[in-house]
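These notes are about the structure you will find just below.
Every chain is numbered from 1 and lettered A, B, ... according to where its sequence line falls, protein lines coming before strand lines. Note: hydrogens, waters and symmetry copies are ignored here, and every other heavy atom, side chains too, is used. All values reported here derive from a predicted model rather than from experimental measurement.
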2 protein chains.
Amino acid sequence: MPDPDRDRPDLGAMIVRFGRALIAAERPVLAAHDVSMWGYAVLSALADEPMRTQAALARAIGADKTRIIGILDELQERALIEREPDPEDRRVRLLRLTPAGRHLYASVRAEIHAAEERLLGGLTLADKGVFLRVLQQLSHEPD
Amino acid sequence: MPDPDRDRPDLGAMIVRFGRALIAAERPVLAAHDVSMWGYAVLSALADEPMRTQAALARAIGADKTRIIGILDELQERALIEREPDPEDRRVRLLRLTPAGRHLYASVRAEIHAAEERLLGGLTLADKGVFLRVLQQLSHEPD
DNA sequence: TATTGTTATACTCTATAACTATA
DNA sequence: TATAGTTATAGAGTATAACAATA
C-alpha cells in the first residue's frame, strides 16, 4: 500500500516553524502587559483551577518546581496571585488568582486569542475546525 | 456573531504540548544514530539542496551562524558532509552531503517518520490529511 | 570598506543538589 | 524519615561582539 504522505516535511520541523511564528505573534501582547511566557502559563493554569501545591502547578505547566518560584514571587508581589500556607499542612502553599489576576488574565488571553486567530485567518472554516480539534486531541495524549 | 472557538485552549499551549511529545518520541531515534537535533536539521536542509554559504544554511534552519559551526565541525569529522572553500570566492564554504551523510539521513528520517506516524495513529485518515495539509500551510507563512 | 567564517565573551535558561521548615 | 518549598551551584544553550581572511 503506497503512503500518500511519504514526502511530507517532518512533522517536527513544521511544528517548530509554526511554534516560532506563534511566539513571535504573542510576545508583544505579553510584553504590553509585562507578563512572561511562564507567568502567563501560571495564570492560565490557576484560572482553570486553584492548586494546592506548587509542585502540582509546576507539573501542570511542564516546568521544574524550582523554576516557578521566581515567577510566583513576582506574580504575588504584583498581587495577581495569592500564595498562603495551608493551615492543615503548613508546608504547602495554597495558590489561587486574585480578582486582579483573573482580570489581567482575561485581558491577555483575549488578545492572545485574537493574535492566534489572525494566524489562522487564511484557513477555511472547515479546515480550521478540523485543525483545532485534531490538535486538541494530539496535545492531550499521555506523555 | 458568536465565536464557536471561544473556549478552546490556547493554540500556543497545545503546540507546546504536542511539540514536547514529538521531541520525546524522536529523541531516542536521534540518540541511536548519535545525531543531535541541530545536526539532523542540517542534514535535512542539505538533503533538500546543497548550500553555498554557512549563513544561508543557518538561516534555513532558523539558527544563528555562530551556532552551527560546532555542528558542521562534527558532521564533517564524521564524513557526513563536505565543506570546501569555493574556488571562486574563498571566503565561502560550499556545503553538501556525502554519500554516507545522505545514507544516514535517509535512515534517520525513515525512523522519525515512523515515530511521527505512531503519534498520528489515533486519527482518521481524513483528519490526518487535513491536519498535515493545514500545518504545512501554517508553517510556511512568512516570518 | 564589506563580507564569510571563526573565536571569545557574557548572558539566559535549565537541571541538580543541598538546605529549611514542617510533618 | 519523609515531604514542600527554597536557595545555591553548575551546566547547557544562546546571543553579542570582536577578530581573521578574503574580496
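Residues of residues 76-87 of chain B having a heavy atom closer than 4.0 Å to DNA chain D: none are found. For DNA chain C, the residues of residues 62-72 of chain A within the heavy-atom distance limit of 4.0 Å (strictly under) are A:Asp64, A:Thr66, A:Arg67, sorted by number.
Residue B:Lys65 holds its NZ atom at 13.5 Å from CG of B:Leu72, rounded to the nearest 0.5 Å.
A sub-4.0 Å separation between OP1 or OP2 of C:dT12 and a side-chain N or O of A:Trp38 is absent.
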Got a list of side-chain donor-acceptor pairs under 3.5 Å for residues 49-63 of chain B, not counting sequence neighbours?
{"residue": "B:Arg52", "atom": "NH1", "partner": "B:Asp86", "partner atom": "OD2", "Å": "2.6"}
{"residue": "B:Thr53", "atom": "OG1", "partner": "B:Ala56", "partner atom": "N", "Å": "3.0"}
{"residue": "B:Gln54", "atom": "OE1", "partner": "B:Arg83", "partner atom": "NH1", "Å": "3.0"}

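Not counting sequence neighbours, the partners of B:Val16 by the side-chain contact (heavy atoms from CB on, under 4.5 Å) test are B:Arg20. Every residue two or more places apart in sequence or in another chain that forms a ring-ring contact (aromatic ring centres under 6.0 Å, His included) with A:Tyr105 is listed here: A:Tyr40. With sequence neighbours excluded, the residues forming a side chain to side chain donor-acceptor pair (under 3.5 Å) with B:Arg91 are B:Asp89, listed by chain and number. Annotation: side chain to side chain donor-acceptor pair (under 3.5 Å) contacts of A:Glu111 (sequence neighbours excluded): A:His33. Residues satisfying the side chain to side chain donor-acceptor pair (under 3.5 Å) criterion with B:Thr66, sequence neighbours excluded, are B:Asp64.
Atom-to-atom, CZ of B:Arg91 to P of C:dT1 comes out at 16 Å; the value is rounded to the nearest Å. Between the CE atom of B:Met51 and the P atom of C:dG5 there is a distance of 12 Å, given to the nearest Å. Atom CD in B:Gln54 sits roughly 13 Å away from atom C1' in C:dT3 (whole-Å rounding).
Residue pairs meeting the ring-ring contact (aromatic ring centres under 6.0 Å, His included) criterion with at least one partner in residues 50-101 of chain A, sequence neighbours excluded, do not occur; the list is empty. Sorted by first and then second residue, the pairs that involve residues 92-101 of chain A and meet salt bridge (charged side-chain N to carboxylate O under 4.0 Å, His left out), not counting sequence neighbours, are A:Glu82-A:Arg96, A:Glu84-A:Arg96. Within the structure, no pair that satisfies the salt bridge (charged side-chain N to carboxylate O under 4.0 Å, His left out) test touches residues 23-47 of chain A, not counting sequence neighbours.
Note that the first and last nucleotides of DNA chain D, 5' to 3', having any atom under 4.0 angstrom from a heavy atom of chain B are D:dT14 to D:dA23.
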